[in-house]
Amino acid sequence: MSNNIFSDKEFEHYSRHFALPGFGIEAQEKLKKSRVLVVGSGGLGSPLLLYLAAAGVGQIGIIDFDRVDPSNLHRQVLFDGSQIGDAKVLAAKKRLEGINPFIRIETYEQRLTSGNALEIISGYDVVADGTDNFPTRYLVNDACVLTGKPNVYGSVYQFEGQVAVFNYRDKEGNTGPNYRDLYPSPPPAGLVPNCAESGVLGVLPGIIGSIQALEVIKIITGVGEVSSGKIVLFDALTLVSRNFTIKRKSGNPLNGERPTINKLIDYEAFCGVNTAYKVKQLSVEAFRSLQAQGEKYQLIDVREPYEYERSNLGGELVPLARIDSYAKQIVRDNKVIVHCEMGGRSEQAIKQLEDNFGFSNLFNLEGGIKAYLAKYQEDLK
């Protein structure tokens with residue numbers, strides 16, 4: 001490989017890489033010529049993008065439809081308070097170009113879907129999955145298998161994280177397992193809460209996302225051993241990591257003995273999002289009107305005490321974990337409005353109450369207290 005591919009300023013930027021035994025100019029040139037797509041620029045995507053950019057990945061694609069929110073800042077270290085409300089992909093691009101002006105950043109301010117995934121992913125060498133929901137994880141996995149791209153997976157939940165490399169083809173041409181070999185089917189819709197509902201230790205995505213970046217660099221450069229065929233579980237409270245072997249399964253519908261999937265499917269339906277049991281919704285405008293008219297109702301807040309103390313609508317505080325034990329105190333002759341921060345936990349609470357106790361007068365406040373206070377801030381307590 002030629003040594004004149006790097007400018008003098010690039011030599012200065014990558015000097016510590018050039019000095020690494022077994023890495024040097026050859027590995028750095030592979031990074032410069034590589035293309036990596038990062039799906040999601042949040043908690044996992046932030047460290048991923050920061051370290052891939054700093055390391056010199058020549059072209060980085062970022063796909064994310066979200067905007068910077070104050071609740072992001074404790075873990076999404078790519079952003080700062082001056083960028084609240086900005087599109088994440090544009091805020092990320094500006095930050096990364098400041099870290100390394102020698103690379104190219106491609107942005108996709110949109111949701112990754114079955115309609116665009118194959119086209120976008122086919123333009124990259126490696127995909128790093130920084131998403132936090134099951135439909136997108138299966139979509140990324142399937143698109144990577146169908147396009148023959150390695151998928152560097154990460155996930156976080158409260159104090160625990162996972163990392164794995166899926167669909168990796170080794171030097172002998174053997175393809176490793178993919179996400180469907182580990183999780184053949186998704187959990188029931190609503191069973192696993194997201195970070196907004198369950199919380200996550202801010203430093204944890206930084207650790208897991210950095211490991212993902214490390215695996216991406218190893219895949220590109222060929223330096224070190226890629227973590228294909230295993231999943232790493234990390235416990236932040238004990239600093240203990242455990243490795244579990246993953247093997248390809250003959251029944252995998254993508255690349256097993258009798259494949260049944262040869263194109264991308266409806267992943268929200270596959271994960272039960274569109275087909276899940278629906279509860280009755282009440283818009284914040286309708287709730288406001290109900291209040292103004294003096295109609296009798298019961299308001300139940302299923303968030304945690306620390307959330308209630310920060311802001312509340314004066315409802316009865318009954319955290320989701322205690323909702324069944326509170327059933328006898330819920331009225332049946334008036335409307336009962338149940339809410340949480342954004343609507344997910346309250347919807348789950350209603351499902352439990354309807355399934356276990358036969359309630360028919362429960363309404364979910366659409367968008368939760370966040371949507372209500374965004375429109376009626378004067379009600380903040």
Side-chain angles (χ1 to χ4, degrees), residues 13-14 16-17 31 34-64 66-81 83 86-100 103 105-107 124 126-133 136-137 140 150-166 194-196 199-221 223-224 226-227 231-237 239 241:
H13 186 100
Y14 304 126
R16 300 301 186 271
H17 275 183
L31 287 175
S34 68
R35 299 164 297 171
V36 177
L37 178 69
V38 177
V39 184
S41 56
L44 293 171
S46 285
L48 257 167
L49 290 164
L50 287 168
Y51 280 108
L52 293 180
V57 170
Q59 179 177 331
I60 299 176
I62 314 169
I63 182 165
D64 198 321
D66 203 3
R67 292 182 174 270
V68 181
D69 185 88
S71 65
N72 301 151
L73 301 184
H74 92 292
R75 68 193 183 284
Q76 298 181 15
V77 293
L78 189 57
F79 311 112
D80 61 49
Q83 298 169 314
D86 293 350
K88 285 186 175 179
V89 292
L90 300 181
K93 177 181 173 71
K94 183 178 180 180
R95 175 79 185 281
L96 298 177
E97 288 176 338
I99 291 173
N100 191 342
I103 63 174
I105 308 295
E106 190 76 29
T107 60
Y124 292 86
V126 182
V127 177
D129 183 0
T131 61
D132 65 351
N133 65 86
T136 309
R137 286 173 185 165
V140 170
N151 169 21
V152 182
Y153 157 82
S155 71
V156 292
Y157 176 75
Q158 295 186 343
F159 301 101
E160 298 178 342
Q162 301 180 358
V163 182
V165 175
F166 295 125
N194 58 31
C195 290
V200 62
L201 184 65
V203 71
L204 179 62
I207 296 169
I208 300 302
S210 296
I211 296 174
Q212 287 181 271
L214 173 62
E215 291 301 316
V216 170
I217 291 171
K218 289 195 292 183
I219 291 170
I220 294 169
T221 63
V223 174
V226 175
S227 296
I231 185 167
V232 179
L233 306 183
F234 176 77
D235 186 332
L237 296 182
L239 213 62
S241 296

Does the [X] side chain pair with the main chain of [Y], one donor and one acceptor, at a distance under 3.5 Å?
X    : Y    : value
R75  : G43  : no
N151 : F166 : no
Q212 : D129 : yes
H74  : L201 : no
K93  : I105 : yes
E215 : S227 : yes
D86  : A91  : no

For this session: Kindly indicate, with the supporting measurements, whether the criterion side chain to side chain contact (heavy atoms under 4.5 Å, CB included) is fulfilled by V163 and F234.
Result: CA-CA 8 Å; V163 182; F234 176 77; over 6 Å; no

If you look at every heavy atom in [X] and [Y], which pair is closest and at what distance?
X    : Y    : value
F79  : S46  : CE1-OG, 4.3 Å
L52  : A213 : CD2-O, 3.9 Å
A92  : L78  : CB-CD2, 3.4 Å
H13  : N100 : NE2-ND2, 3.6 Å
L204 : A236 : CD1-CB, 4.2 Å
G209 : L48  : O-CG, 3.7 Å

Separation of [Y] [atom2] from [X] [atom1] (nearest 0.5 Å):
X    : Y    : atom1 : atom2 : result
Q59  : L37  : CD    : CG    : 9.5 Å
D64  : T107 : CG    : OG1   : 11.0 Å
E106 : I62  : CD    : CD1   : 10.0 Å
I103 : E97  : CD1   : CD    : 8.0 Å
L214 : S210 : CG    : OG    : 9.0 Å
Q76  : D69  : CD    : CG    : 8.5 Å

Are side-chain heavy atoms of [X] and [Y] found at a separation under 4.5 Å?
X    : Y    : value
V36  : V152 : no
V68  : L73  : yes
Q162 : L233 : yes

Side-chain donor-acceptor pair present, [X], [Y], cut-off under 3.5 Å:
X    : Y    : value
S155 : Y157 : no
Q83  : K94  : no
T131 : N133 : no

Problem set entry | Test side chain to side chain contact (heavy atoms under 4.5 Å, CB included) applied to V38 and L44, step by step | CA-CA 10 Å; V38 177; L44 293 171; over 6 Å; no

For this session: Show your reasoning for whether side chain to side chain contact (heavy atoms under 4.5 Å, CB included) applies to V126 and S34.
Result: CA-CA 8 Å; V126 182; S34 68; over 6 Å; no

For this session: Given side chain to side chain contact (heavy atoms under 4.5 Å, CB included), test L50 with R95 step by step and report yes or no.
Result: CA-CA 9 Å; L50 287 168; R95 175 79 185 281; 4.1 Å; yes

